[in-house]
Each structure stands twice: as C-alpha cells, then as structure tokens.
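Once you've had a glance at the structure underneath, I'll fire off some questions.
Indexing begins at 1, ligand by ligand and atom by atom, following the structure's order.
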Amino acid sequence: MNYGLVCTHCGMRYSNKVQLFRCIKCGSILEVYYKYPSKIKLIGEKITHSRYRNLFPIHGKLFTLGEGGTPLITYKMKGVNLYLKLETYNPTNSFKDRGSSIEISKAKELGFKEVCCASTGNMGLSTATYAERFGIKCYIFISEDANKKKIEKIKKQGAEIIKVEGDFNTALETAELFAKENDVFLCGDYHYRKEGQKTIAYELTEQVNKPLDFIFLPVGNSTLLAAVFKGLEEFKRFNLLEKLPRLVAVQAKGCNPLIKAFNNHIRIRYQHPKTIADAIAVGYPTFGFEGLKSLKKTSGIAVSVKDGELLSAKKKLAMVGIFAEPGGAAAFSGFLKLYKKHPAYLKNKNVACIITGNNE
Ligand code: F0G
C-alpha cells in the first residue's frame, strides 16, 4: 500500500524514501500512515501472514518463514468464552516473527546488507533468524544480564552479539547510535515491526468470527498493544469488524511503567525492571504513548501481575499442553486476575488472550 511516515508526537510527515526511525524535529517514534483505498483485497482463503500483504508497507518481495496463521484454541472457563491465540507456534516461538518478516523485507527492498536490533531476547532471536535465512548480517544488542538461553539461541543463528552494560533501554540507545554511525538498517520496536505485528488483530477477528469483547496482551515496549489497536481500526475501516474490543494491557508488577501511567493518569516514567518475565522487562516502552492511546480509545484496562501469578498462569497453561515463558503467559495471568477479582466484568463475554512466546 502507498504510505508515508508520521511522527507519533508532533505529527511531522516524512516520505517513505527516508531512512528514519525517529522524528528529526522532536525525536519521537514514527508511525506508518497510509492513503487507504475504499476497499481492501485479502489474498487467498487460508489465514496466513501473506494473506494481509495488501496492508503492508512493502513494495518489493515479502520475505517470509511461514509466520502467522497461528492456532486459536478455546480454554474452558466457567461463564466466559475464552480463546487463546498461540503465538508460540511461530517459526522462532514468538509473535516477533510477524514483525521480522516486514523489517527484513524492507531492509532487502532498500538494499541494506546489515541490520541491528536491541532486544530482551525474543526479538533478537527472530531478527537474527530471518537475517541469517535471507543473507543479511545481523548485530544484536542485549543487556549483560539477559536470558542466557536466548543469547545462545541468537548466537546459533550467526548473529554478532553486543552485550551492553545496563538494561534493555541502554541496549536500545546503543543500537540506535550504531545504526546511525554505520548505516546499518535498524530493526526493533519501530514503525515497520508494528506493521507486521498488527496481523494478530486481523487473524483474531477472522478466526473468532464473532465480536470479541476483550483482548488481553502483555506489554514490554508496547508495540504489540499499539499494533493490535491499529489492526483492529483498519479492519473496522474496511467493514471487516463491527466494534473494537476493549484492550487489556498486562505488565509484571516489577516493571509496569505503562500500567502505572494509565491507572494514575500520569506520564510514563522509567522504572528499573525487576521481574522474572525477562521478555517484557522494559523500563521505558518505546511505543508507550501509542499504547496509552490504544487503551484510552478502547475503554481499555491496565493490570499488573506479580511474578508468582505469572508462574502460576504458566503452570496452568502447561497443564493443558500450552507452553509459554513467563512474559508469554502474562496475558493469561492478567485474565485470571481480573476473572477472580471482577468476575462480573467478564461474565458471558468473548475474550481472547495472546500467548506471545516460549523461548526461556
Ligand atoms: N511477549 C513476549 C514473549 C515478548 O518477547 C515481548 C517483547 C512482549 C510480549 C511484549 O511486546 O514489546 O511489543 O510490548 N519482547 C521484546 C524483545 C521487548 O526484545 O523480544 P511489546
């Protein structure tokens, strides 16, 4: 689709030819905007990532490893129609593959030979895997104390690992500087990844095939939250969805800057991450502002869960053969908390939880 870039904060517009990831004027994160046609053609019958190709900002070939088209299953819960979207079935076991397909396709389209990315682990593994498979050199910036198993998996994909003293946000700053100084394509929680990840919303809409009341999802950088909101809005624009579900953001109590900001009506403030959910240990979310907007516009809810609650949700999932890391089980954990605390909220509702990853 024809597109341009726009600053999420000051609204400054840029051509799609520029290789920018932040606004030159105010430094905020950018977003893809489209000149939407009145109708959209979805491709083929089967639900796959490439079915939504006409909703991507890709002009050349779409590089894919078969991401998307993940299973949606029902989970027995009294008084609620609960669906679980199993993103652990993606090629590198997390929803990140949807975004990597778009980012690597864009990097190839623009002729880049190298990419870099800051990550808590899963996004690094996904980016490294796609880069390796499609002949691009990859640098992953990761905090020293990141999950060791994830670092090993990334190494196996041939990526160069740069360990950074500090947390994810320090790794992010370092990767942005590296990309700028070395003319390397910057992957990560920026506008192109968001475009790939919005397909979860399309798939949920098509698979559930009845109006969803709530979608629970975990928040780290808040790209997933902003992406799901964008996907829902787009389907509504094309009359493929009647009403927007309420979005429920879930963070670990030891790292919940977005939840605090939403519930206390304050600005997002950096919080030093302290949680076992390493995937979502992000002290300051890149797409935080967009995430808050997504919650406000859908009469959303923000829930914090303790590490113990994450572990018990993970265990509950394992009992029915669904395996997720703590961050990957966060949406379900948030659901269980709300179900217990405010059962009336969810009574007879159609609810989806996104189970996002399993790479611990
Ligand atoms: N679930 C998993 C398994 C993740 O790995 C992440 C983010 C999220 C949820 C949250 O998504 O950041 O878009 O709000 N992981 C990033 C990474 C930060 O580097 O792998 P988000």
If you look only at distance, which donor and acceptor atoms sit under 3.5 Å apart when one is on a side chain in residues 1-11 and the other is two or more places apart or in another chain?
{"unit_1": "Tyr3", "atom_1": "OH", "unit_2": "Lys106", "atom_2": "NZ", "d": "2.9"}
{"unit_1": "Tyr3", "atom_1": "OH", "unit_2": "Tyr192", "atom_2": "OH", "d": "2.8"}
{"unit_1": "Thr8", "atom_1": "OG1", "unit_2": "Ile29", "atom_2": "O", "d": "2.7"}

* To do: Evaluate the criterion ring pair (Phe, Tyr, Trp, His ring centres under 6.0 Å) for residue pair Phe287 and Tyr190; output intermediate values, then yes/no.
  => CA-CA 8 Å; Phe287 271 106; Tyr190 304 98; 7.8 Å; no

* To do: Kindly assign one of parallel, tilted or perpendicular to the pair Phe238 and Tyr36, based on the angle between their ring planes and the thresholds 30° and 60°.
  => perpendicular

Quiz: residues 275-284 side-chain donor-acceptor pairs under 3.5 angstrom, not counting sequence neighbours:
{"unit_1": "Thr275", "atom_1": "OG1", "unit_2": "Ala277", "atom_2": "N", "d": "2.9"}
{"unit_1": "Thr275", "atom_1": "OG1", "unit_2": "Asp307", "atom_2": "OD1", "d": "2.7"}
{"unit_1": "Asp278", "atom_1": "OD1", "unit_2": "Lys150", "atom_2": "NZ", "d": "2.6"}
{"unit_1": "Asp278", "atom_1": "OD2", "unit_2": "Asn147", "atom_2": "ND2", "d": "3.2"}

Short N or O separations between ligand 1 and the protein, below 3.5 Å:
{"unit_1": "ligand 1", "atom_1": "1 (N)", "unit_2": "Thr356", "atom_2": "OG1", "d": "2.7"}
{"unit_1": "ligand 1", "atom_1": "5 (O)", "unit_2": "Asn122", "atom_2": "ND2", "d": "2.9"}
{"unit_1": "ligand 1", "atom_1": "12 (O)", "unit_2": "Asn221", "atom_2": "N", "d": "2.7"}
{"unit_1": "ligand 1", "atom_1": "13 (O)", "unit_2": "Thr223", "atom_2": "N", "d": "3.2"}
{"unit_1": "ligand 1", "atom_1": "13 (O)", "unit_2": "Leu224", "atom_2": "N", "d": "2.8"}
{"unit_1": "ligand 1", "atom_1": "14 (O)", "unit_2": "Gly220", "atom_2": "N", "d": "2.7"}
{"unit_1": "ligand 1", "atom_1": "14 (O)", "unit_2": "Asn221", "atom_2": "N", "d": "3.2"}
{"unit_1": "ligand 1", "atom_1": "14 (O)", "unit_2": "Ser222", "atom_2": "N", "d": "2.7"}
{"unit_1": "ligand 1", "atom_1": "15 (N)", "unit_2": "Lys96", "atom_2": "NZ", "d": "3.4"}
{"unit_1": "ligand 1", "atom_1": "15 (N)", "unit_2": "Ala279", "atom_2": "O", "d": "3.3"}
{"unit_1": "ligand 1", "atom_1": "19 (O)", "unit_2": "Ser119", "atom_2": "OG", "d": "2.7"}
{"unit_1": "ligand 1", "atom_1": "19 (O)", "unit_2": "Thr120", "atom_2": "N", "d": "2.8"}
{"unit_1": "ligand 1", "atom_1": "19 (O)", "unit_2": "Thr120", "atom_2": "OG1", "d": "3.3"}
{"unit_1": "ligand 1", "atom_1": "20 (O)", "unit_2": "Ser119", "atom_2": "OG", "d": "3.4"}
{"unit_1": "ligand 1", "atom_1": "20 (O)", "unit_2": "Thr120", "atom_2": "OG1", "d": "3.4"}
{"unit_1": "ligand 1", "atom_1": "20 (O)", "unit_2": "Asn122", "atom_2": "N", "d": "3.3"}
{"unit_1": "ligand 1", "atom_1": "20 (O)", "unit_2": "Met123", "atom_2": "N", "d": "2.8"}

* Would the Phe141 and Phe178 ring centres measure less than 6.0 Å apart? -> yes

Hey, can you pull the donor-acceptor pairs under 3.5 Å for the side chains in residues 338-348, sequence neighbours left out?
{"unit_1": "Tyr339", "atom_1": "OH", "unit_2": "Lys78", "atom_2": "N", "d": "3.4"}
{"unit_1": "Tyr339", "atom_1": "OH", "unit_2": "Lys78", "atom_2": "O", "d": "2.6"}

